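Here's the structure we're looking at; comments come further down.
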Amino acid sequence: MNLITTILTITTLLTCVLAIVSFWLPQMNPDAEKLSPYECGFDPLGSARLPFSLRFFLVAILFLLFDLEIALLLPLPWGNQLLIPMQTFFWASAILILLTLGLIYEWLQGGLEWAE
């Protein structure tokens, strides 16, 4: 019971200290651009129907795809404790090979080029 009380006390204190520091640490220097509702660089008074680059969305989707690869490979270290660890290695290798072939295909098609 003493260990649980100690852990709860430490986590509560650490949470309170981090919350207090997060309010004191940032510098509050508001200017016209920070107070603007469009902080992302778009002109707030311009047209809202500006076309986006399709290449930007392609690179964003590729980033998400390769970011999900990490989530698929996270259980890999625990695969050594299964009855057949080679099966886990096979599926992890299949995922990596498939994603590598997809990256090579995108590279050869010019999907990773920002400027033509």
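All values below were derived from every heavy atom in this structure, side-chain atoms included, with hydrogens, water molecules and symmetry-related copies excluded. Quick caveat: nothing in here was measured; it's all calculated off a predicted structure.
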Can you measure from [atom1] ([X]) to [atom2] ([Y]) and round to the nearest 0.5 angstrom?
{"X": "L13", "Y": "I10", "atom1": "CG", "atom2": "CD1", "result": "8.0 Å"}
{"X": "I7", "Y": "N2", "atom1": "CD1", "atom2": "CG", "result": "10.0 Å"}
{"X": "L103", "Y": "L108", "atom1": "CG", "atom2": "CG", "result": "9.5 Å"}

Can you get from [X] to [Y] by hopping between Ile, Leu, Val, Met, Phe, Trp and Tyr side chains that sit under 4.5 Å apart?
{"X": "V17", "Y": "L25", "result": "yes"}
{"X": "W107", "Y": "F66", "result": "yes"}
{"X": "L73", "Y": "F89", "result": "no"}
{"X": "W91", "Y": "L99", "result": "no"}

*Is Q87 close to F90 at the side-chain level, that is, under 4.5 Å between some pair of heavy atoms?*
no

*Would you check if L62 and E106 make a side-chain contact, meaning some heavy-atom pair closer than 4.5 Å?*
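Sidechains of E106 and L62: in contact.
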
_CD1/I84: more than 12 non-hydrogen atoms of other groups inside 6.0 Å_ = no

*Report, as yes or no, whether the 6.0 Å neighbourhood of atom CD1 on I4 holds more than 12 heavy atoms from other residues, nucleotides or ligands.*
no

